[in-house]
K.L.:
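Before anything else, here's the structure in question.
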Amino acid sequence: MPTVFIPAQLQSFTGGARKVEVKGKTLREVIEALDAAFPGLRDRLVEGDRLRPGLAVAIDSVICSAGLRQAVRKDSEVHFIPAISGG
Amino acid sequence: MATVKTKKTTKSKKASQIPVRYRVIGTRPIRHDGVDKVTGRAQYGADVQLAGLLHGGILRSPHAHARIRSIDTGKAAALPGVKAVITSADIGPVTDRVVDLGEGATRLQHLRDNILASGKALYQGHAVAAVAATSPHIAQEALRLIEVDYEVLPPVLDLREAMEAGAPLLHEDLHTDDLGTKSMQPSNIAKHLRFEKGDLEKGFKKADQIFEREFLTSMVHQGYIEPHNATAFWNADGRLAIWCSTQGGFTVRQQAAAILDLPVSSIKVIPMEIGGGFGGKIHVYLEPVAALLSKKSGKPVKLVMDRAEVFEATGPTSGSHIQVKIGARKDGRIVAAQAQLAYEAGAFPGSLVVCGMMCIFAPYDLEHQRIDGYDVLVTKPKTAPYRAPGATNAAFASETVLDEIAEWAGIDPLEIRRLNGAKEGTRRADGLVYPRIGFLETLGAARKHPHASAPLEGPNRGRGVASGFWFNVGLKSSVTAAVNSDGTVSLTEGTPDIGGTRTSVAMQLAEVLGLAAADVKPQVVDTDSVGYNDVTGGSRVTFATGLAAIEAARDIERQMAERAARLWGVPASKVKAAGGVYRHATDSKKKITFKELAARLDETGGPVVGKASLDTSASAGGGFGTHIVDVEVDPETGKVQILRYTAVQDVGKAIHPSYVEGQLQGGVAQGAGWALNEEYFYDDQGRLANASFLDYRMPTALDLPMIDTVLVEVPNPGHPFGVRGVGEVPIVPPPAALANAIYRAAGVRLRQLPMNPGRVLEAILTRDGKPPSKA
Amino acid sequence: MKLHVKTTINGEEFEFLCEPRESLLEVLRDRLGLTGSKEGCNNGNCGACNVILDGRLVNSCLVFAAEAAGRAITTIEGIQGPEGLHPLQEKFLEHAALQCGICTPGFIVAAKALLDRNPDPSEAEVRLWLAGNLCRCTGYDKIVRAVLEAAKSTAVVMEK
């Protein structure tokens, strides 16, 4: 199952767990599974049908641009990180 | 869709789909906009002239913190020549929401309140009202006639005081987002964030020595020479045109649309030549104000800031308070690292503390880390990105502690970095794993450079070393490229050219098509004339717009191959293109050059246009630099003179080496200014005391030596030529490198920026013992 | 009340009307359309508005337009000769001595004023002379090299 790294500010949802494994073949499915296990998480990650503004997702350390449709493999690592751009 | 599919980057090898012997890449052609810029013909924002143009001015708060009880604009409006006067009441209500402007997310209310204060002025220089008149002088006179009744409130200027309970509040409705939980009481701390890796306590237990140090840095400004400007014309059909100096026409369009509550398509932004930005020309300040003045007057309106306004009212970068705790073994291996970073956000939330957190230990492979960050409001201007935003402050802290550890362990400063250095596969504190990176290569090149082993003669001299990291970003770029009948290509881009990117992008297109750089005619166009582009920022243009140009070139090449096939009456699959020559796969007599083919487009189906719109976020490659500096410290005055400077950086692949060198040299100069002299100097009432170039005192030609550069090329696997962003990394190491050099020269460790003569002298006068032996 | 001023700019005679409070920079840019001189600070700190006034390098933001009466001014627009770019302009391009370009006109005018009085300056002399011109992009390295190279190339021209 994909491993989701939980940002510090959301670890209150997971009882302090920093990593959780959930099922899902797309980012959307992963987030749905997270929300099923830890109710309320979805709303902290997603707004409407998109990631929340200011949030980026890296799957296997590669920043995704396909939004919630991004494919996730069985052994993937999913990180939610702040979106940055620079000067 | 990115051109390059980076499958599993942790295992990526050097990717190169195009022959490594380049004809254009790596050469140094004259930049396409060069002649216009050396003859004074290039048109910058303030050069815009339109029929009937009015000149505007902005009234700014003289107070750092004040409630605005009332504004009386009657006398100003009555002055002959005045055509419009506006306040925040003219903006119209906006629904407060979080908007993503391609440059981080912002609350719309904050964006709007920074343009024109509503309710409270939150820093000296905060815009309160604006006028448009027939001359700039009349506009200035009118501003003096506006009467504002302020209730002056206590300012909050010190970051640490601002964090304390009971400090005067900037925003009564702002509660700390503390690791996801909202605080009960309102606070000046907008946010607390954390990154964590491993088990910090376990790590510290393995340490032979723990180093705990505290650092302060001041707010500094990007210091671009061209002041902000904006000219707007709100036409009778509701279409709004904005000419301005910006790092991104599309972000101006988005911000203006959000503030003015217009659809983006009713705004056309014409980005003029830009006289420097460094991150400071991403937020809008003047554009919506000029638009409203134009709407009210029915005429085009130009606003140009003066230098004091630039300092007082645009975004500098955060001052900071950073605490670092690092545990090391006697052999120099770091076993645990902890940092707490508090960054000034200025008057509205949104400092780039998170970038500082992500960068502070990024050059190193450290098992146990915890990094906390605080975004803190103070009554100073809203901060903006500044070249590797957040990273320079952070590296000043971490890289000087590392220098102390090297000295304690008796290890060479370059060697301790190698020993702990990050490489492909290293996981950062934010959780991400590096693909192929070139940090160790920069250390190796630095060691080999003659500077590293040159004897350092004379008293009061010392050598310092420091490294730095910046992510570099990808984001979205669109280009179109039209083939001309004379065999040239007109390339249309939407990323403003701040430092020669027309040329570095054109060169990539030229390389693919087998053309000379001069055969490509690049231009940066308005937002109606090209697909969406993110800002010129994050060191992304040569990388991302370059990828788009490569994709557009391949699009052209496919079409040109079809045209050759048509000419020869063979299937397109029979035509092979390489280096600007199109050949029949089997019939060696059939070959035609790009130029010959371009002349025959009319008989093979008409014009050929290539295009590409990409999101390149997946494949941007991070960059590392390692700097060596020699200084001489005057023990009488505390003045630090830079004697020699060498900047080594992994640039992936230098498309135009001269401009890459220029990025390194410019970054060093800015970093040196930040290190030694520059700071926002406020009096106790929150009035900026040095809002001029004379008093802010950026480095001049006399303050710096030649700056030697070494371009290390570890190709970015995410770009066919291996390009990495280069612009931001070089500002990161200088303050730490200089602090380390000052220590070797004078025996004092400075932990506060700037390290100006007063501070250095004070440290010398209060130091214990003698200077240490030189490194 | 407006002043009537006659002056020579880049070898051409000009007449203009201006207010007493208008600076030479304002008139050059806003009344005469010579926008090559740039405003970076409007108080003489940055050199972006440098022009040569009767052989002397000045910040045009610190000169009243009325003071131009009867004098000869060289602006960036007048540096290029009929036969093409000035060696300084060529060397700035060859050496990539500009990035954003906003300070470039001022640097070229200032360097011209230097070479006019000292055709073979040392690096230290170039740095001292150009200390009144701010550049935030380049770190000055390539600018100083371009000026030194231009000096060399003009020296060669003079020997011929």
Side-chain angles (χ1 to χ4, degrees), chain B residues 28 30-31 33-44 46-47 49 135-137 222-227 273-278 304 306-307 497-500 645 656 658-659 661-670 672 692-694 698-709, chain C residues 19 21-22 26 29-30 33-46 48 75-77 79-80 85-86 88-90 92-106 108-109 123-124 126-145:
Chain B
R28 302 173 188 243
I30 300 295
R31 61 192 280 171
D33 53 338
V35 170
D36 280 348
K37 286 182 175 162
V38 298
T39 56
R41 282 186 176 75
Q43 291 284 298
Y44 292 80
D47 303 336
Q49 294 291 350
S135 90
H137 297 284
Q222 298 83 353
Y224 32 79
I225 308 298
E226 180 204 30
E273 295 298 340
I274 170 171
F278 314 107
V304 182
D306 66 25
R307 182 52 54 181
D497 178 356
I498 310 191
Y645 206 109
H656 191 307
S658 295
Y659 286 99
E661 293 158 8
Q663 287 296 323
L664 269 57
Q665 291 162 337
V668 167
Q670 286 188 317
S692 74
F693 274 147
L694 189 67
M698 308 190 309
T700 70
L702 202 52
D703 298 316
L704 297 167
M706 293 296 185
I707 298 161
D708 203 0
T709 58
Chain C
E19 292 180 40
R21 62 185 170 185
E22 282 181 70
E26 279 184 271
R29 290 179 51 80
D30 295 340
L34 294 169
T35 55
S37 302
K38 301 300 180 193
E39 180 186 318
C41 66
N42 214 26
N43 56 9
N45 295 166
C46 77
T75 70
I76 184 65
E77 287 89 350
I79 299 292
Q80 176 184 353
L85 295 180
H86 186 278
L88 276 164
Q89 294 170 314
E90 283 177 355
F92 265 64
L93 293 177
E94 283 171 25
H95 286 266
L98 60 147
Q99 285 177 31
C100 81
I102 195 83
C103 71
T104 309
I108 287 176
V109 170
E123 182 190 331
V126 171
R127 288 188 179 276
L128 179 61
W129 183 267
L130 295 179
N133 292 77
L134 292 176
C135 169
R136 193 59 157 172
C137 296
T138 65
Y140 304 103
D141 181 302
K142 293 184 189 300
I143 292 176
V144 173
R145 286 177 204 277

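Small disclaimer: the values here were computed from a predicted structure and weren't measured. Just so we're on the same page: letters track the sequence lines, and every chain starts at 1.
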K.L.:
Given a strict heavy-atom distance threshold of 4.5 Å, which part of C:N42 is in contact with chain B: side chain, backbone, both, or neither?
P.N.:
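Contact with chain B involves no heavy atom of C:N42 at all.
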K.L.:
Picking from B:G277, B:G223, B:A46, B:P136, which has the most non-hydrogen pairs under 4.5 angstrom with chain C?
P.N.:
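Going by pairs under 4.5 Å, I would pick B:G223.
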K.L.:
Need one label for C:D30: side chain, backbone, both or neither, based on atoms under 4.5 Å from any heavy atom in chain B.
P.N.:
both
K.L.:
Below 4.5 Å, heavy-atom pairs only: which of C:L128, C:L98, C:L34, C:V126 has the largest tally toward chain B?
P.N.:
C:L98
K.L.:
Does any backbone or side-chain atom of B:A42 lie under 4.5 Å from a heavy atom of chain C? Answer side chain, backbone, both or neither.
P.N.:
backbone
K.L.:
Please state whether the side chain, the backbone, both or neither of C:L85 comes within less than 4.5 Å of a heavy atom of chain B.
P.N.:
side chain
K.L.:
Please state whether the side chain, the backbone, both or neither of C:Q80 comes within less than 4.5 Å of a heavy atom of chain B.
P.N.:
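Side chain only.
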K.L.:
For B:L704, is it the side chain, the backbone, both or neither that has a heavy atom under 4.5 Å from a heavy atom of chain C?
P.N.:
both
K.L.:
Which of the residues C:E94, C:Q89, C:H95 is involved in the greatest number of heavy-atom pairs with chain B at under 4.5 angstrom?
P.N.:
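Heavy-atom pair counts peak at C:Q89.
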K.L.:
Which heavy atom in B:H137 sits nearest to a heavy atom in C:E22, and how many Å separate them?
P.N.:
NE2-CG, 4.1 Å
K.L.:
Please look at B:Y645 and chain C and tell me whether the side chain, the backbone, both or neither of the residue comes under 4.5 angstrom of a heavy atom of that chain.
P.N.:
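Interface part for B:Y645: neither.
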K.L.:
Most heavy-atom pairs under 4.5 angstrom with chain C, which of B:D497, B:V35, B:D306?
P.N.:
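Most heavy-atom pairs under 4.5 Å with chain C: B:V35.
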K.L.:
Under a 4.5 Å heavy-atom cutoff, which of C:G101, C:S37, C:A124 has the most pairs with chain B?
P.N.:
C:G101
K.L.:
Quick one: OG1 on C:T138 to CD on B:E661, what's the gap to the nearest 0.5 Å?
P.N.:
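So the gap between those two atoms works out to 12.5 Å.
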K.L.:
Can you tell which part of C:I108 gets under 4.5 Å to a heavy atom of chain B, answering side chain, backbone, both or neither?
P.N.:
side chain
K.L.:
Counting heavy-atom pairs under 4.5 Å to chain B, which of C:E90, C:K38, C:H86, C:E26 comes out on top?
P.N.:
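Between C:E90, C:K38, C:H86, C:E26, the count favours C:K38.
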K.L.:
If I take atom CZ from residue C:R29 and atom CD from residue B:Q49, how far apart are they, to the nearest 0.5 angstrom?
P.N.:
8.0 Å
K.L.:
How about C:L93 and B:V38: do any of their side-chain heavy atoms sit closer than 4.5 Å?
P.N.:
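With C-beta onward as the side chain, the pair touches.
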K.L.:
Name the member of B:A669, B:G275, B:G34, B:G276 that forms the most heavy-atom pairs with chain C at distances under 4.5 Å.
P.N.:
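If we count pairs closer than 4.5 Å to chain C, B:G275 comes out on top.
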K.L.:
Heavy-atom distance under 4.5 Å to chain B: side chain of C:E123, backbone, both or neither?
P.N.:
side chain
K.L.:
Which one of C:A131, C:P105, C:G36, C:C135 has the most heavy-atom pairs closer than 4.5 Å to chain B?
P.N.:
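If we count pairs closer than 4.5 Å to chain B, C:A131 comes out on top.
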K.L.:
Quick check for you: to the nearest 0.5 Å, what is the distance between B:K37 atom NZ and C:C100 atom SG?
P.N.:
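Answer for the NZ-SG pair, B:K37 versus C:C100, is 7.5 Å.
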